[in-house]
K.L.:
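Sharing a structure with you now.
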Number of protein chains: 2
Amino acid sequence: MQTRRYHHGDLRAALLARAEQTLREKGPGALSLRELARELGVSHAAPSRHFKDKQALLDALALAGFDRLNEALTASQAAAGTSFAHRLGALARAYVDFALANAALLDLMYAVKHDPEASEALSAAAQRLGAMTMGLVADGQRSGDVREGPVERIGIPVFTTLHGFAGFAMSRVLSAEEVESGLDDVIAYMLRGCAA
Amino acid sequence: MQTRRYHHGDLRAALLARAEQTLREKGPGALSLRELARELGVSHAAPSRHFKDKQALLDALALAGFDRLNEALTASQAAAGTSFAHRLGALARAYVDFALANAALLDLMYAVKHDPEASEALSAAAQRLGAMTMGLVADGQRSGDVREGPVERIGIPVFTTLHGFAGFAMSRVLSAEEVESGLDDVIAYMLRGCAA
DNA sequence: ACCTGAACACCGTTCAAGT
DNA sequence: ACCTGAACACCGTTCAAGT
């Protein structure tokens, strides 16, 4: 008659999914391994089979966040056509949308408290995002929309602006209205910054 | 003979100072009210007289961080002469230096988990930084280094870039070398972005 | 006014034991 | 292989009581 003995599915995936939900709905302070276990109907020691400690779960959560952001940015490019200006605008829009919809997760992704080895993996994930921007800028150079020169000397500043604007959206330094009205200005400014 | 009875000085200030030191040296995970109290030689309940809970201490720490950053940026302007390019460069340099020297604190300053009322105060503090950038851009318009138009439509993008670069330095997405070599590129890009 | 000391509920982590 | 249940050390918060 016992309706739950061992957890039937993939506890690791279930923990990550539930943790992200808690992060979104109640914030990082409400994230506890014991409560997660309770909600999933397993003992409080069960999570340790899948994450050696709480930080390991946070690291995995941040890494999954980068995967999702990467997908979102990639999707924005597939849908943006071929114009450099449109593609850059779509990239900025997608990053900002992610920041607004996943503020606490984005905070975690760039947090400063990760384990050293996880930090490397997270930096690599962030660099994959940077590489997308570099590719876009390189295309812009080929089409004559972006000035010549080593791509990273233009791409890093552009990526920096994207990151900063998403950060302001995330931390609510800019209100929703300011984000909306400011986005076009930021895009125009980036275009000027890298124009031929 | 008892060398410590009541804490003799300003416990509130002592808590903030010690908390910032712990944050810097051991990271946010090592910050505990009880340990802070232990280190200062008071009972574990004493901090509650000065901060209603742990979050209140974190809020105060973040606010103090904004004050210090504000001072650093203001000082950079006083030392930078009158050239727009030099002043913008000094502002960027000062923000990045702060990020490198106070990574965990900067993370906390823009964190997403603050109390609603503290969040407002922190946003206001961030906006004071933004106002400095706006003032600089307005000066640039007067000297003819920056194109005409509503100052916030140029100043917000510039401040966004400063913030993003400091964020990359903070979270070690860019290595120390990349920060050093990238700073000049970012400055040149900002100048292009707002040039007449 | 400011702090103590005990108490409470909760947490992360570990480990022998179970299936 | 995966999970349980008890145990340990620690934490944040509250509150009557002390000075």
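Here the structure is a predicted model, which means the values were calculated and not measured. Any value given below was found using the heavy atoms of this structure, including those in side chains, with hydrogens, waters and symmetry copies removed. Protein chains get the first letters and strands the later ones, always in sequence-line order, with residue 1 at the start of each.
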K.L.:
Mind checking who C:dG12 pairs with, Watson-Crick or G-U wobble, both distances under 3.5 Å?
P.N.:
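The base-pairing partner of C:dG12, which may sit in any strand shown, is D:dC8.
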
K.L.:
Watson-Crick or G-U wobble partner for C:dT19, using a 3.5 Å limit on both distances?
P.N.:
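Here C:dT19 is engaged in a pair, and the nucleotide opposite it is D:dA1.
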
K.L.:
Whole angstrom is fine here: how far is it from CG in B:Leu31 over to P in C:dC11?
P.N.:
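Whole-Å distance recorded here is 20 Å.
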
K.L.:
Would you call the rings of A:His163 and B:Phe168 parallel, tilted or perpendicular if under 30° counts as parallel and over 60° as perpendicular?
P.N.:
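Rings of A:His163 and B:Phe168: parallel, under 30°.
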
K.L.:
For B:Leu40 and C:dT4, what is the distance between atoms CG and C1' respectively, to the nearest whole Å?
P.N.:
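In whole Å, C:dT4 C1' lies 16 Å from B:Leu40 CG.
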
K.L.:
Please confirm whether the shortest side-chain N or O distance from A:Ser48 to OP1 or OP2 of C:dG12 is below 4.0 Å.
P.N.:
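No, no such contact exists.
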
K.L.:
Between C:dT13, D:dC11, C:dT14, which nucleotide has the shortest distance from any of its atoms to the side chain of A:Lys54?
P.N.:
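Looking only at side-chain atoms, A:Lys54 lies closest to C:dT13.
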
K.L.:
Of all the nucleotides listed (D:dC3, C:dG12, C:dT4), which has the minimum atom distance to the side chain of A:Leu33?
P.N.:
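In terms of side-chain proximity for A:Leu33, the closest of D:dC3, C:dG12, C:dT4 is C:dG12.
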
K.L.:
Counting the atoms with a prime plus P, OP1 and OP2 as sugar-phosphate, which does B:Arg12 contact under 4.0 Å by heavy atoms, base, sugar-phosphate, or nothing?
P.N.:
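Result for B:Arg12 = nothing.
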
K.L.:
Mind calculating the distance between CG (A:Leu11) and C1' (D:dA1) to the nearest angstrom?
P.N.:
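Going from CG in A:Leu11 over to C1' in D:dA1 covers 13 Å.
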
K.L.:
Could you work out which one of D:dC3, C:dG12, D:dC11 sits closest to the side chain of B:Arg38?
P.N.:
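Closest of the options to the side chain of B:Arg38: D:dC11.
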
K.L.:
State, yes or no, whether a side-chain contact exists between B:Asp139 and B:Phe84 at a heavy-atom distance under 4.5 Å.
P.N.:
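When only atoms from C-beta onward are counted, B:Phe84 and B:Asp139 do not touch, as no gap falls below 4.5 Å.
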
K.L.:
Would you tell me if any nitrogen or oxygen in the side chain of A:Ser43 comes within less than 4.0 Å of OP1 or OP2 on D:dG5?
P.N.:
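For D:dG5, OP1/OP2 do not have a side-chain N/O of A:Ser43 under 4.0 Å.
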
K.L.:
For the residue pair A:His114 and A:Leu108, establish whether any side-chain heavy-atom pair is separated by less than 4.5 Å.
P.N.:
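Result yes, sub-4.5 Å side-chain heavy-atom pair found.
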
K.L.:
Mapping A:His50 and A:Arg34 onto DNA chain D by nearest heavy atom, which one lands closer to the 5' end?
P.N.:
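Checking each residue's closest nucleotide, the 5'-ward one belongs to A:His50.
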
K.L.:
Measuring from the side chain of B:His44 (C-beta onward, heavy atoms only), which nucleotide among D:dT4, D:dT13, C:dC2 has the closest atom?
P.N.:
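Closest nucleotide to the B:His44 side chain: D:dT13.
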
K.L.:
What is the distance, to the nearest angstrom, from the CG atom on A:Asp10 to the C1' atom on D:dA1?
P.N.:
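Checked: the CG to C1' distance equals 14 Å.
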
K.L.:
Would you mind reading off the distance between A:Glu39 atom CD and C:dC11 atom P, rounded to a whole angstrom?
P.N.:
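Roughly 10 Å, once rounded to whole Å.
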
K.L.:
Choosing from D:dG12, C:dT14, D:dC2, which nucleotide comes nearest the side chain of A:Ala45?
P.N.:
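For A:Ala45, the side-chain atoms sit closest to C:dT14.
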
K.L.:
Once you round it to whole Å, what is the distance between P of C:dC11 and CD of A:Glu35?
P.N.:
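Rounded to the whole Å, the gap is 6 Å.
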
K.L.:
Check each of A:Asp145, A:Ile154, A:Ile156 against A:Val137 using the side chain to side chain contact (heavy atoms under 4.5 Å, CB included) test, and report the only one that passes.
P.N.:
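Only match with A:Val137 under side chain to side chain contact (heavy atoms under 4.5 Å, CB included): A:Ile154.
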
K.L.:
Round to a whole Å and report the spacing from CG of B:Leu58 to C1' of D:dG12.
P.N.:
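Whole-Å distance recorded here is 12 Å.
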
K.L.:
Where the side chain of A:Arg49 is defined as all heavy atoms beyond and including C-beta, which of D:dC2, C:dT13, D:dC11 is the nearest nucleotide?
P.N.:
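Nearest to the side-chain atoms of A:Arg49, counting from C-beta on, is D:dC2.
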
K.L.:
Can you check the B:Asp53 CG to D:dC11 C1' distance for me, whole Å?
P.N.:
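One finds 14 Å between C1' of D:dC11 and CG of B:Asp53, rounded.
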
K.L.:
Is A:Glu20 paired with A:Arg68 through a side-chain N to carboxylate O contact shorter than 4.0 Å?
P.N.:
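So A:Arg68 pairs with A:Glu20 through a salt bridge.
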
